[in-house]
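Encoded as structure tokens, the structure appears first; notes follow it.
This structure is a prediction, so every number in the text was calculated from the model and none was measured.
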Amino acid sequence: MDEEEKKSMVESKEWYLASYAPEGVPTSEHLKLRTLHLSLALHSIPHAHLAIQSLFLSVDPYLRSCFTSTLDGLCLPQYQLNQVITAFGIGRVKGSKDNKYEEGDIVVIAYCPVAEYFVIPSCEVISKVDSESGISLPEYLSSLGVPGFAAWVGIEVVGEAKAGSNVFISAACGAVGMLAGQLAKLKGCRVIGSTGSDEKVRVIKEEFGYDEGFNYNKEADFDAALSKYFPDGIDVYLDNVGGKMLEAVLNHVNKHARIPLCGMISQYNKVWREREGARNLLNMIGKEVRMEGYMVLTHFNRFGDFAREMEGYIKEGKVKSKHQINIGIETFLDALSSLFSSSNIGKVVLQLHP
């Protein structure tokens, strides 16, 4: 190895799947960190590939469903043992064999290895970040990323929220909930959210514009809580938690209510036989309720519409985000675990390089 080659070598840490986790929160027994050496020299990059330095990675609950070895629930492809974990991310081009990109470009990647450096086909880049936009990089992982798109699809496409609709959003202070509430308010809806602490109730009301909110940990009876906050019933329920809250909602839906199923975080760490089911699905027939699960990839043909609309809201100050930024690749497992502890406010992001 010559001197130039030595200079182009970098040490890169990456997270990989060591063993499957069919239930419970994944631990260091399931996900492990390893170190490898990678050449960023131009001659070592294949044609139509890019060498990337990771800047920010999105840490999302759906990742949990990829470590079980079973296709159920979200039915996402499972990682193979020893395979590097991937996430929605932002990186800096360190070397390019594609004339559409040059060194220093900041790019958004849908399936970014959870690694400090990596080489990928250039076709996996979703977009190039406009350095003049004035939008912070973490926003491309929250309001302009998967959570923002999930919120937009839930409220705009599946939920069909309209002015005057009574909208209920669970996990309202999470990555999707904080944005869904603001989008519903921009449509002229009355919006109420449930969260896991009094502080989060304050945040959704004072910072995200919710009309009202409640701490579900203080409510012994979800039915009674929903009767109090929705005396005129629920028109749209964006479900992020499933379980007992979904069952309670079905007792308060209006005629032709819509229930977009975005996620069920209360059920992700359980095998299907232990998950909580709704006993009152019969209510959906008489009220002619439409309950629909959705995956953002199915709606990816609308991503351009979403991005233009959301970018406008951000620049006009109509949509705000909060980020919990974890520093260093070593913190990935803790960041992932934190999603299931109800300890976060807003979007959980991993920062690998400044």
Is there a donor-acceptor pair under 3.5 Å between the side chain of E247 and the backbone N or O of K244?
no

Can you check side chain to side chain contact (heavy atoms under 4.5 Å, CB included) on I155 and K187, steps first, answer last?
CA-CA 9 Å; I155 295 298; K187 285 185 163 295; 4.1 Å; yes

If we only count heavy atoms from C-beta on, is the L336 to L31 side-chain gap below 4.5 Å?
yes

Compute whether any side-chain donor of one residue and acceptor of the other, for R275 and Q267, lie under 3.5 angstrom apart.
no

Ignoring hydrogens, what is the shortest heavy-atom contact between K94 and I52? Give both atom names and the distance.
CG-C, 4.4 Å

Can you tell me if N215 and S197 form a side-chain donor-acceptor pair at under 3.5 Å?
no

What distance do I329 atom CD1 and S54 atom OG have between them, rounded to the nearest 0.5 Å?
7.0 Å

Mind telling me whether Y237 and F168 have parallel, tilted or perpendicular rings, with 30° and 60° as the class edges?
parallel

Applying ring-ring contact (aromatic ring centres under 6.0 Å, His included), run through Y16 and H30 and close with a yes or a no.
CA-CA 9 Å; Y16 69 98; H30 308 107; over 10 Å; no

Distance-only donor-acceptor pairs under 3.5 Å for side chains of residues 225-233, two or more places apart:
{"residue": "S227", "atom": "OG", "partner": "D223", "partner atom": "O", "Å": "3.1"}

In Å and rounded to the nearest 0.5 Å, what is the OG to CG distance from S96 to D105?
8.0 Å

For D60 and S58, which I'm curious about, is there any donor-acceptor pair between the side chains at under 3.5 Å?
yes

Rounded to the nearest 0.5 Å, what separates atom OG in S8 from atom CG in L38?
9.0 Å

Rounded distance (nearest 0.5 Å) linking atom CZ of F67 with atom CG of L81
12.0 Å

Heavy-atom donor-acceptor pair, S170 side chain to N240 backbone, under 3.5 Å:
yes

Has the side chain of S165 got a donor or acceptor atom that lies under 3.5 Å from a matching backbone atom of A161?
no

Using only atom types and a distance under 3.5 Å, with no angle test, would you say the side chain of D98 pairs donor to acceptor with the backbone of S122?
no

Measuring only between side-chain heavy atoms, which start at C-beta, is L250 closer than 4.5 Å to M291?
yes

When R34 is tested against each of E116, E330, E11, E14 for salt bridge (Lys or Arg N to Asp or Glu O under 4.0 Å), which residue passes?
E14

Provide the closest heavy-atom pair for V176 versus C262 in the form atom of the first, atom of the second, distance.
CG1-SG, 4.0 Å

Would you confirm whether N280, through its side chain, and N283, through its main-chain N or O, come within 3.5 Å as a donor-acceptor pair?
no

Same hydrophobic cluster for I85 and L74, using side-chain heavy-atom links shorter than 4.5 Å among ILVMFWY?
yes

State whether a side-chain donor-acceptor pair under 3.5 Å links Y79 with S69.
no

L183 versus M310: any side-chain heavy-atom pair under 4.5 Å?
yes

Side chain to side chain contact (heavy atoms under 4.5 Å, CB included) assessment of V203 paired with T195:
CA-CA 10 Å; V203 169; T195 74; over 6 Å; no

Which atom of V84 lies closest to which atom of P113, heavy atoms considered
CG1-CB, 4.0 Å

Separation between CD1 of I90 and SG of C112, rounded to the nearest 0.5 Å
9.0 Å

Within the 4.5 Å heavy-atom criterion, are I192 and I169 side-chain neighbours or not?
no

Has the side chain of K255 got a donor or acceptor atom that lies under 3.5 Å from a matching backbone atom of G286?
yes

Run L137 and V129 through side chain to side chain contact (heavy atoms under 4.5 Å, CB included) and show every step you take.
CA-CA 8 Å; L137 292 183; V129 173; 4.0 Å; yes

When clusters are formed by joining ILVMFWY residues with side-chain heavy atoms under 4.5 Å apart, either directly or through shared neighbours, do I259 and V153 land in the same one?
no

Could you tell me whether a side-chain N or O of K32 sits under 3.5 Å from a main-chain N or O of S28, the two making a donor and an acceptor?
yes

Derivation and outcome, side chain to side chain contact (heavy atoms under 4.5 Å, CB included), residues M284 and L281:
CA-CA 6 Å; M284 294 180 63; L281 292 175; 3.9 Å; yes

Is it true that the side chains of Q78 and T68 contain a donor and an acceptor less than 3.5 Å apart?
yes

Can T331 and N326 be counted as having a side-chain donor-acceptor contact under 3.5 angstrom?
no

Considering all heavy atoms of both residues, which atom of V201 and which atom of I204 are nearest to each other, and what is their separation?
O-CG1, 3.2 Å

Where do R258 and V158 come nearest, in terms of heavy atoms and distance?
CG-O, 4.0 Å

Answer yes or no: is there a donor N or O on one side and an acceptor on the other, between the side chain of D239 and the main chain of V241, under 3.5 Å?
yes

Could you tell me which non-hydrogen atom of A41 sits nearest to which non-hydrogen atom of S44, and how far apart they are?
O-OG, 2.6 Å

K200 side-chain N/O to A172 backbone N/O, donor-acceptor pair under 3.5 Å
no

For residues 141-150, tabulate all N or O donor-acceptor pairs below 3.5 Å that involve a side-chain atom, not counting sequence neighbours.
{"residue": "S142", "atom": "OG", "partner": "P138", "partner atom": "O", "Å": "3.3"}
{"residue": "S142", "atom": "OG", "partner": "E139", "partner atom": "OE1", "Å": "3.3"}
{"residue": "S142", "atom": "OG", "partner": "H323", "partner atom": "NE2", "Å": "2.8"}
{"residue": "S143", "atom": "OG", "partner": "E139", "partner atom": "OE1", "Å": "2.4"}

Between Q182 and M178 (side chain of the first, backbone of the second, donor and acceptor by atom type, cut-off under 3.5 Å), is there such a pair?
yes

I'd like to know if the side chain of Y140 pairs up with that of S133 as donor and acceptor (distance under 3.5 Å, no hydrogens or angles considered).
yes

I need the R92 CZ to I106 CD1 distance, nearest 0.5 Å.
4.5 Å

